[in-house]
Amino acid sequence: MTDTTQKPILILGGTGKTGRRLAERLTAKGIPVRIGSRSGTPSFDWQDRESWDAALEGVGAVYISYYPDIAVPGAAETVEALARLAVKRGIRRLVLLSGRGETEAQRAEEMVKASGADWTILRCSWFSQNFSEGFLVENIIEGEVALPVGAVGEPFVDTDDIADVAEAVLTRPGHVGQLYELTGPRLLSFADAVAEIAKATGRDIRFRRISHAEFTSAVASHNLPPEFAWLLDELFTEVLDGRNETLTDGVQRALGRRPKDFSTYATETAATGIWSN
Ligand SMILES: NC(=O)c1ccc[n+]([C@@H]2O[C@H](COP(=O)([O-])OP(=O)(O)OC[C@H]3O[C@@H](n4cnc5c(N)ncnc54)[C@H](OP(=O)(O)O)[C@@H]3O)[C@@H](O)[C@H]2O)c1
C-alpha cells in the first residue's frame, strides 16, 4: 500500500457524485484530500493539461473520475495520459472509476492497467443518484420521466456504496490489481425506478417510453454540449440493450456487505426534500 496517510489523496471529480462522498469519508478519517476539479485549489481541468502537474504535486494516490463521461470517444487516451504522468511523477496508486459495457471505458481500464500503476478499477452500473443529482432530477421534480428505454433491467448502484468501496481500496491493503464490478442488489427497469421514487415521495411521477426520434429532438432542444448529446444517444441506443442486465458481487467482495437497495436510496433521498421543489 502507498503512503496515503501522510500525502493527500487527489480526488478528481472531488465535488461530484462519487468524489464528494469519498472526500467526506477520507476527511472524517483524518486523511488529507485534494479536490481535483476546476473549482479546486489548485484548479484541475481535464481540458487543460497544463493544470495537471500542479494538482499532482505531492500527492500519494489519485482517484480518477473522468468528466464528462468515460464512455465519450477520446476519454481513454486522456485518462491514459493522466495515469502515465502520475506514474512518471512517482504516484503509483491509482483508482479508476469506470463504467459497465462501454467500449471506451474498457479501453481506459486497459490503459490504466498498462501504465505501470498499482491500480484498482471500480466498474460501475448506472448510479441511483442520476435521479437526484444528475440529468434526471428535473424530470422527477416535474413529474414525468420520458426516455427511449423499455423493460431492460439495470442494477442501479448507490454512490454511497461506490464511495465506501473507494475509501476501502485507498486506505486498506489487498486491493491493488483488483477490478470490482459494482452493481446494486436488484435489477429495475427505468419504469420500476421511477415508480419506487413516486412511492417514496408520495407524488404522482410517471414514466413514459418515447421513440428514439422524440428523445433526440428533446435532447436537441436543450442545447446540450455535443458530447452530452452523443453520450445520451450512446447510452440509450447501445449500452441499455440488455448487456448489463446482471447483478455482480463487487460491493460484497470489497466491503463484506450487501449493496444498498434502490428503495432505500429512494426513501432516504425523498426525506431530504430534494424531489419536492
Ligand atoms: N453517472 C453514472 O451513472 C455513471 C455510471 C458509471 C460510471 N460513471 C462515470 O463516472 C464519472 C463521473 O460521472 P458523474 O456523472 O458522477 O459526474 P460527476 O462526478 O457528478 O461530475 C461532476 C464533477 O466533475 C468536475 N468537472 C466538471 N468539468 C470538469 C473539467 N473540465 N475538468 C475537471 N473536472 C471537471 C466537477 O467539478 P467542477 O465543476 O469544479 O470542475 C465535479 O467535481 C464519469 O467518468 C462517468 O463515465 C458514471
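In each ligand, atom 1 is the first atom listed, and ligand 1 is the first ligand listed.
A donor-acceptor contact shorter than 3.5 Å is absent between the side chain of S43 and the backbone of S39. No donor-acceptor distance shorter than 3.5 angstrom exists from the side chain of T159 to the backbone of I162, with no hydrogens or angles considered.
I9 places a side-chain heavy atom less than 4.5 Å from the side chain of L26.
Atoms of ligand 1 lying under 4.0 Å from at least one heavy atom of T15, given by number and element, are 36 (C), 37 (O), 40 (O), 42 (C), 43 (O). Interface of S39 with ligand 1, defined as ligand atoms under 4.0 Å from a residue heavy atom, comprises 40 (O). Taking every non-hydrogen atom of L97 and a distance limit under 4.0 Å, the qualifying atoms of ligand 1 come out as 10 (O), 11 (C). Each of the atoms 32 (N), 33 (C) of ligand 1 lies under 4.0 Å from some heavy atom of F44.
The nearest protein atom to atom 44 (C) of ligand 1, hydrogens excluded, is given as Y66 O, 3.0 Å; this is a heavy-atom distance. Looking only at protein heavy atoms, the nearest one to atom 24 (O) of ligand 1 is Y67 CD1, 3.3 Å. Of all protein heavy atoms, the one lying nearest to atom 1 (N) of ligand 1 is N130 OD1, 3.0 Å. Scanning the protein for heavy atoms near atom 29 (C) of ligand 1, the closest one is R38 NE, 3.5 Å. Looking only at heavy atoms of the protein, atom 31 (N) of ligand 1 is closest to D45 OD1, 2.9 Å.
Here the two rings, on F190 and W126, have centers that are under 6.0 Å apart. Side-chain rings of Y265 and F127 stay apart, their centers remaining 6.0 Å or farther from each other.
A salt bridge is absent between K199 and E196; no separation between the charged side-chain nitrogens and carboxylate oxygens falls under 4.0 Å. Contact check on D161 versus R258 returns no salt bridge, with no Lys/Arg side-chain nitrogen under 4.0 Å from an Asp/Glu carboxylate oxygen.
Residue contact annotation: A75 has no non-hydrogen atom under 4.0 Å from ligand 1.
Residue contacts with ligand 1 for A105 are absent, since no atom lies close enough (heavy atoms, distance under 4.0 Å). Under 4.0 angstrom from ligand 1, the non-hydrogen atoms of D69 come from both its backbone and its side chain.
Residues L187 make up the rest of the hydrophobic cluster containing L247, defined by ILVMFWY side-chain heavy atoms closer than 4.5 Å, directly or through other members.
Checking G13, G16, P68 against atom 13 (O) of ligand 1, the nearest heavy atom belongs to P68. Distances from atom 33 (C) of ligand 1 to the heavy atoms of W126, W46, F135 show the closest one on W46. Considering only non-hydrogen atoms, atom 8 (N) of ligand 1 lies nearest to F127 out of F131, F156, F127. Among G14, G99, S37, the residue whose heavy atom lies closest to atom 38 (P) of ligand 1 is S37.
Scanning for ring pair (Phe, Tyr, Trp, His ring centres under 6.0 Å) contacts around W230 gives an empty result, with sequence neighbours left out.
Between W46 and F44, the angle of the ring planes goes over 60°, which puts this pair in the perpendicular group of the 30/60° scheme.
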